[in-house]
**Student:** 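I'd like to ask you about the structure that follows.
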Amino acid sequence: MPAPLLAIRGLSKSYGRVHANRSIDLTVEEGSIHAILGENGAGKSTLMKLIYGVETPDAGQVTWRGDPVRPTSPAEARKLGIGMVFQHFSLFETLTVVENIALIVPGRSAALVARIRDLGREYGLEVDPRAHVHSLSVGERQRVEIIRCLMTDPRLLILDEPTSVLPPQSVTRLFQTLRRLRDRGVSILFISHKLEEIRAICDRATILRDGAVTGTVDPRDHDATELATMMIGRDMPPPPPAKAHKPGKVALELAGLDHVPDDPFGQPLSRIALRLHEGEILGIAGVSGNGQAELARLVSGEVTLPDHRAAEVLMLGQAVGDLGAAARRDLGFAFVPEERLGRGAVPEMSLADNTLLTGHRAGLLRRGLIDRAREADYTARCIRDFDVRTPGPRTEAGALSGGNLQKFIVGREIMLQPRLLFVSQPTWGVDIGAATAIRRRLVAMRDAGAAVLVISEEIEELFEICDRIQVLNAGRLSPSMTVRDIRVEDVGRHMIGATEGGAS
Amino acid sequence: MIGLSFILAGMLAAAMPFLLAALGELVAERSGVLNLGIEGMMALGAVTGFVITFHGGGHAAGFLGAGLAGAALSLIFAWLALSLRANQVAVGLAIGILGQGLSALFGKSYESMTVAGLPKLHLPVLSDLPVVGGVFVQDIVVWLGMAATLAIWAVLRLTKLGLIIRAVGENPAAARALGYPVIAIRYGAVMFGGLMAGLAGAYAATVYTPLWADGMIAGRGWIALALVVFATWMVGRVFFGAILFGAVSLAQLAAQAGGVNLNSQLLASLPYIVTIVVLGLISSNKRLLKMNGVASLGEPFGP
């Protein structure tokens, strides 16, 4: 039997007191698509950084095609034949596609352009080599990353959560590319927490939990529930209960809003129309970068319109287009932004002080001064009611894990008892347990009569909690679809956009 | 007409200290490092160049020494800002003041002394043209400075080295993930900037006004810094901005000499006003700023 492509024995890595990887064993065979399955924080990314030479292990050994190796830099790993596509792309926006590729591939520009076109045709990775990266869609950027890896002739390609940024149709296309690569002898390490995808494409899966391997299986022999149990160590939490309800008054209305953002790389919005009632959840589906950030800023009040266009945003019965975020919050609006650190919370400030940022409306001030006792009490209630795992209200926000901080921020906003709640990417980078808790809370808000607007990239999440879905693609919002009547594919069709003709 | 040919003949030489210093700073900033110590590096280069030339070392040795002095001072800046990751603004200001202090110290016994400038080269035909002929009567450094402008543009735009410098400036973390030694590249860019600042100082002290006076750089380093930003980090615009500044400085001199009835302080501030207005207008293009601006400028980077 030939030596496996990559064999890892007893690999460990700690950051301070956190054991990110504990004695990991992993074997990747030639011509295999091998999944690394685990929740956020299970140690998947650390393991990949160790293999790719971004970080060096504390203990353990790596064997590459039978020889012991110890890559200490990505350049060395690439020389061995290991390529990696990062989850957050490592492309340079102000450079063109061919310039980005020339950074790691030697050769004349014209020759590189020709090779990029050839690889694009061969593997279904078409992209314009002369285009600037900032003008590309997320799917196109991923193709550039993959092409960049392929041009170094890798034997092993590591893909970190490659589908998290893609609409469903592009996922199918990516899978075709990956199968074609495998058939030509490239092994693939496929990092994901999406069980169905792993069952669809991988022939092997190594499951990580809390930094350690909890199993290595053939995912095709197990159903999603079994894989999930291995991944989270207990049974999957059930989805939140659906409840019949009657929508009330209109809480938010945009009637054909056009907007050109100040940022020249931003996505202009065109004729955005939506109407959200009290007692319902409206989901905005679509891949980030299609106007999500711009729409969020217009609704939250971070970006305001001139006076004469105030009526283009109607919130809780009032024209608010020219009002700032604070004025909108005074009407009974609350907002959980996409970026937790820096927008949702100030990382260097304590949880108590972060509560005050929006919670001062809930009686935490006395004659203009902060009432510290009430502030601490209010924060403690938020921590308790929303199951935030933290030493206490004095902890710095930046010290919390993503999931816990998100529970805290969502809790802080819900405690304000808003009539209109807007949450952008509610469970992005949040573990399953916390995600389920957050979704239940949003549903409970709806059932209590509030209007909830959710922007999310996770279609499954939107199908789970929303009453209606609209899709934001290339700055245009699709018509409203009632979740009961549609399937995931219907949403996917709008995500690609009728006008683009499947180019994304 | 006499005024115009006076301006045309002198503007390139007047622009040279700004141009050389700004080109060096542009390279440093493109790699993501903001070096506010340019003024001090010019001052140190000026005194070094002057002293060497004064003692008979010749202009070539003077320029060489000045460049090395500027680079040495920028090495201290780079060590503090890049290796120790100190705040670039604070370190840049401190190093700048250090350079000006050293310049005053070394130059103390040379106050008001002079050296010979560089001869102006006469080109056949071109130099004899009416009105514009003066443009082609320049010293050798002017021609070398123009060649350097073209070379720096070509390196940044057309070569892999330039690509790497731009990549490091936009996203150092990604550049490192690709295997590039970000800190070493920034050291190189900063020291190139120091070298150019030193040369700019030597030009000011031994060619443009070949006379030593303490504080003779007189804010030219700051103008160079401003030129880089106003020029949206583009080499061609730095060149244009430096020449505009040189031309307007000469224009106001010509106006004063010609007896234009205007407050002389107002005239003296004209170069600053015109440069700010013109470059301010062309740098208001947000798209250009985003394309050429340096995303990681001034931010410390390290493991």
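Per chain, numbering begins at 1; letters A, B, ... match sequence-line order.
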**Student:** Does any backbone or side-chain atom of A:Glu93 lie under 4.5 Å from a heavy atom of chain B? Answer side chain, backbone, both or neither.
**Tutor:** both

**Student:** Mark yes when over 12 heavy atoms from residues, nucleotides or ligands other than B:Trp143 sit less than 6.0 Å from its CH2; otherwise mark no.
**Tutor:** yes

**Student:** Determine whether more than 12 heavy atoms belonging to other residues, nucleotides or ligands lie under 6.0 Å from atom NZ of A:Lys79.
**Tutor:** no

**Student:** Compare all side-chain heavy atoms of B:Arg166 with those of A:Thr94 and state whether any distance is below 4.5 angstrom.
**Tutor:** no

**Student:** I'd like to know which of B:Ala175, B:Gly179, B:Gly293, B:Ala177 tops the heavy-atom pair count under 4.5 Å against chain A.
**Tutor:** B:Ala177

**Student:** Within a reach of under 6.0 Å around OH of B:Tyr272, are more than 12 heavy atoms found that belong to other residues, nucleotides or ligands?
**Tutor:** no

**Student:** Given a strict heavy-atom distance threshold of 4.5 Å, which part of B:Ala173 is in contact with chain A: side chain, backbone, both, or neither?
**Tutor:** neither

**Student:** Quick one: closest heavy-atom pair of B:Arg176 and A:Pro74, and the distance?
**Tutor:** O-CG, 4.1 Å

**Student:** Nearest 0.5 Å, what's the OG1-CG distance between A:Thr96 and B:Leu163?
**Tutor:** 7.5 Å

**Student:** Please check this pair: side chain of A:Arg78 against backbone of B:Leu178, looking for a donor-acceptor N/O pair closer than 3.5 Å.
**Tutor:** yes

